[in-house]
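Read the structure below first, then the notes.
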Amino acid sequence: MLQSFLQNILNALQWGSFYSLIALGYCLVYGVLLLINFAHGDIFMVGAYLAFFVSMVLLGKYGAIAGLPGWMVLSLAVPLTMILTAVVGVTLERIAYRPLRRKGVNRLYVVITALMCGLILENGNLALLGASRKSFPTLIPIQVFDFHGIIVTNLKLMVIGVAILSFLLLHFIVTRTKMGMAMRAISYDRFAVPLMGIPADTVIVFTFVLGSGFAGLAGLFFAMTYPVIDPYMGALIGWKAFIAAVVGGIGSIAGAFAGGFLLGFVEIMVVAFFPSTYRDLIAFSILLLILSIRPTGLFGVARRTKI
Amino acid sequence: MKRSWLIALFCVLGLAAPALAADTIKLGFNIPLTGDIPDVGESSKNAAEMLKKKINDAGGLRVGDKSYMLEFVYEDNESKAESALSATRKLITQDNVLGMVGPQSSKQAVPAAEAANELKTPMMAPWSTNPNTTKARPFVFRGCFLDTFQGPTAAKFASEEFKAKKAAVLYDIASDYPKGLAEDFKTAFEKINGPGSVVAFETFTTKDVDFSAQLTNIAKSGAEVLFVPQYYNEVPLIVQQAKSLGFNKPVLGSDSWGSGDLMGLCGDTCKGFFFVTHYAAAGAKGKTKEFIDAYTTQYKKTPDDVAALTWDSANLMLAAVQSMGALSGDMAKDREGLMKAMAGIKKFEGITGDMSYPATGDHDPIKCAVVVKIDDAGKFAFYKSVCP
């Protein structure tokens with residue numbers, strides 16, 4: 001019983017890592033622009049596909065270069081996927097969100113635009129690459145370790161480690177760097193910031209680079225853990241990560257991180273001890289309860305500055 | 001001036017259309033070209049196109065003393081129950097098909113069969129093994145064996161081959177096919193090994209990708225074999241996660257494993273596992289081999305069971321059309337006539353084996369099942385045949 005419980009905690013940490021990584025992206029964009037970037041789940045999907053193509057090219061499957069060993073492919077795929085996904089995120093900002101922001105329209109329209117962008121990414125992928133699933137290549141051999149009946153793989157440890165490191169890095173950027181200070185300044189007062197000589201657009205682009213980059217990172221590790229990828233993989237997990245970010249207190253980086261793990265933990269534990277049909281019912285009832293007690297989320301505070 | 005030309009053209013076309021339609025037989029295909037299992041739709045379409053080309057190139061289908069060209073209408077059901085329903089209605093009421101082949105998986109076939117039966121149009125479900133598809137629906141026929149046969153076959157195989165006394169099942173509770181089959185397996189296995197011998201009966205919901213909690217329970221339950229009646233896109237995830245949670249016992253599958261790109265997605269992880277299915281492509285003989293060779297030259301891949309069953313189902317429907325003697329042109333009358341002709345076929349030699357239909361009751365064929373082993377080359381090799 002204890003063994004199962006500890007095993008499921010490990011399972012939950014792995015599953016929660018993905019929610020957390022995606023929730024961090026929601027949180028950054030919301031924090032700076034007060035915009036819920038509903039396309040974020042699909043940017044995560046694009047990240048998984050980019051990771052797929054990057055890995056295939058580096059493994060020499062397309063014949064562009066001679067194949068590299070798996071560990072080297074992985075260490076190159078991490079920065080490449082993050083950069084390419086960031087390019088997609090920034091492109092969306094450039095063609096969809098910025099023109100609307102320039103016109104000074106209500107945020108509601110931008111949110112709807114974001115939803116639309118997500119659908120375009122999904123269906124664009126479907127049209128370009130077809131409906132067939134793709135199998136993500138094995139980059140590193142999976143080693144199974146057994147500690148007194150508690151089983152863990154190197155990949156699982158890596159995923160959890162990556163999530164924690166990403167959180168620490170983002171926390172550092174937002175609280176300790178000049179760019180982070182500018183991000184917080186924009187979230188405090190978007191209209192006064194340009195008057196102080198801070199290039200608001202650059203800061204916003206930087207935010208999208210960070211958010212999308214980490215969605216790409218999540219996509220890469222998600223595809224390694226669950227190696228069957230399809231165009232709709234980002235939709236549901238994106239929604240759930242968004243809810244996790246809200247429960248954590250959207251805008252708070254620690255909140256998004258904690259919210260992701262909380263949701264992962266509840267989902268896994270419900271499945272472990274109840275029939276799986278109860279999973280979303282119980283998980284979201286608990287989250288609803290948390291929100292009705294603390295409407296701003298676990299780490300959220302009711303004030304105008306976010307992040 | 002221009003407009004009047006157009007109107008004249010439309011009039012001519014309008015007059016010509018029924019004249020053309022008189023010499024064609026239209027069949028509808030209700031298949032998943034997108035959605036969760038697009039490879040299933042592709043296989044069905046490939047087999048259908050091959051059949052259409054074969055018959056049309058030979059001058060059409062002879063019915064009585066008249067030749068009819070075949071026209072196939074493909075409607076995408078997106079692998080969803082509600083889309084399968086609307087596709088059925090569209091095929092029957094708008095496209096005016098004589099009969100419908102598909103849907104393939106039970107999740108879509110069960111609701112579509114109800115609509116087809118209500119609209120009095122013959123339907124042939126090539127790959128749907130859930131008993132409800134044909135139950136008390138005279139217009140609905142099936143091209144494969146039933147889960148009530150497949151489940152016990154798998155249970156018996158697990159007990160005999162692996163000497164398993166305890167089994168675990170992991171299935172999608174939100175889909176008709178896995179749910180029905182999982183229950184049939186459980187009943188049969190407990191009948192052989194005693195109550196409670198299915199030590200873990202775990203569920204998940206469509207589109208889930210993480211099964212770690214369920215597989216943790218299964219690994220701790222002491223099961224000696226895991227039965228996974230799931231589709232090719234879920235099997236690789238389940239099998240791989242089971243291994244990374246320390247479950248190294250055999251995994252047994254059902255006929256849904258054989259379709260689509262299982263080995264492309266699963267790779268080495270699935271090698272050595274067994275599944276129950278309709279036919280084995282490796283080592284086939286006679287008509288089956290002819291079909292496999294023709295399909296392989298045309299589409300550059302081995303036909304899966306869906307392609308073979310679609311071929312058989314469409315052929316059976318066309319054989320029934322031929323046995324009608326003549327088509328009247330009145331759709332309602334012809335559909336009724338086709339249903340009676342199909343019900344009149346008591347034995348049909350298909351490439352997936354002989355199909356004999358019982359004289360009374362639902363239109364379910366009595367067919368043998370094949371147990372296939374995924375060999376080291378990743379091929380589905382014939383292992384043994386199990387007949388009712």
Side-chain angles (χ1 to χ4, degrees), chain A residues 1 3-16 18 123 126-127 130-138 142-146 149-156 222-223 225-233 235-237 264 267-280, chain B residues 32-42 76 78-79 170-174 179 201-221 231-248 260-270:
Chain A
M1 193 65 200
Q3 245 178 23
S4 292
F5 184 71
L6 291 175
Q7 178 72 59
N8 277 320
I9 285 186
L10 269 177
N11 297 341
L13 282 175
Q14 174 181 270
W15 187 231
F18 295 114
N123 293 295
L126 192 67
S132 285
R133 304 296 198 264
K134 296 215 177 311
S135 170
F136 198 82
T138 315
I142 291 179
Q143 282 157 350
V144 182
F145 307 105
D146 188 337
I150 295 158
I151 287 141
V152 64
T153 60
N154 50 355
L155 186 59
K156 204 172 235 174
F222 191 86
T225 317
Y226 308 105
V228 176
I229 56 176
D230 74 282
Y232 296 110
M233 62 188 274
L236 193 63
I237 194 166
E267 283 198 353
I268 294 282
M269 287 304 163
V270 171
V271 174
F273 299 107
F274 293 96
S276 72
T277 24
Y278 288 93
R279 186 190 55 203
D280 288 355
Chain B
L33 291 166
T34 61
D36 285 338
I37 43 172
D39 292 1
V40 168
E42 197 191 312
D76 179 19
E78 300 169 310
S79 182
L170 177 63
Y171 69 99
D172 178 357
I173 198 166
K179 186 170 175 286
F201 199 62
E202 295 286 330
T203 64
F204 64 93
T205 316
T206 319
K207 286 198 185 294
D208 281 1
V209 289
D210 187 277
F211 310 102
S212 53
Q214 292 96 324
L215 288 165
T216 299
N217 288 349
I218 287 169
K220 299 269 183 282
S221 71
Y231 295 105
Y232 67 87
N233 54 335
E234 290 144 342
V235 174
L237 292 175
I238 295 172
V239 169
Q240 206 199 32
Q241 288 177 41
K243 279 206 173 140
S244 44
L245 283 163
F247 184 85
N248 289 315
D261 192 19
L262 180 77
M263 293 319 287
L265 294 176
C266 198
D268 294 340
T269 332
C270 283

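The structure presented is a predicted model; accordingly, all values stated were derived computationally and were not measured. Chain A is the first sequence line, chain B the second, and so forth, proteins listed ahead of strands; every chain is numbered from 1. Only this structure's heavy atoms are used, side chains among them; waters, hydrogens and symmetry mates stay out.
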Take atom [atom1] of [X] as the centre, draw a 6.0 Å sphere, and report whether it contains more than 12 heavy atoms from other residues, nucleotides or ligands.
| X | atom1 | result |
| --- | --- | --- |
| F273(A) | CZ | yes |
| F145(A) | CZ | yes |
| K134(A) | NZ | yes |

Heavy-atom proximity to chain B below 4.5 Å, by part of V228(A): both

Is chain B contacted by the side chain of F222(A), its backbone, both, or neither, given a heavy-atom distance below 4.5 Å?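 Contact with chain B: side chain only.
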
Between S4(A) and N217(B), do the side chains contain a donor N or O and an acceptor N or O under 3.5 Å apart?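 Their side chains do not contain a donor-acceptor pair, so the 3.5 Å distance test is not met.
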
Side chains of [X] and [Y] in contact at under 4.5 Å (non-hydrogen atoms):
| X | Y | value |
| --- | --- | --- |
| S244(B) | V152(A) | no |
| D210(B) | T225(A) | no |
| T216(B) | N11(A) | yes |

Just verifying a value: how many Å separate [X] [atom1] and [Y] [atom2], rounded to the nearest 0.5 Å?
| X | Y | atom1 | atom2 | answer |
| --- | --- | --- | --- | --- |
| L245(B) | I150(A) | CG | CD1 | 12.0 Å |
| Y226(A) | Q240(B) | OH | CD | 10.5 Å |
| E267(A) | D208(B) | CD | CG | 8.0 Å |
| Q214(B) | I268(A) | CD | CD1 | 7.5 Å |
| D268(B) | T138(A) | CG | OG1 | 8.0 Å |
| S276(A) | D172(B) | OG | CG | 8.0 Å |

Heavy-atom pairs under 4.5 Å with chain A are the metric here; pick the option from [options] that has the most.
| options | answer |
| --- | --- |
| D261(B), T203(B), I173(B) | T203(B) |
| C266(B), P236(B), G35(B), A174(B) | G35(B) |
| L215(B), L33(B), I37(B), N233(B) | N233(B) |

Apply side-chain contact (heavy atoms from CB on, under 4.5 Å) to the pair I142(A) and K243(B), showing each step before the final yes or no. CA-CA 10 Å; I142(A) 291 179; K243(B) 279 206 173 140; over 6 Å; no

Verify, without hydrogens or angle tests, whether R133(A) (side chain) and P38(B) (backbone) share a donor-acceptor contact under 3.5 angstrom.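 Checked: no pair found.
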
Between D230(A), D146(A), T153(A), L10(A), which shows the greatest number of heavy-atom pairs under 4.5 Å with chain B? T153(A)

Minimal non-hydrogen separation, S135(A) against G264(B), with atom names: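 For S135(A) and G264(B), the tightest heavy-atom pair comes out as CB-O, 3.4 Å.
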
Identify which part of Q241(B) has an atom lying under 4.5 Å from any heavy atom of chain A, answering side chain, backbone, both or neither. side chain

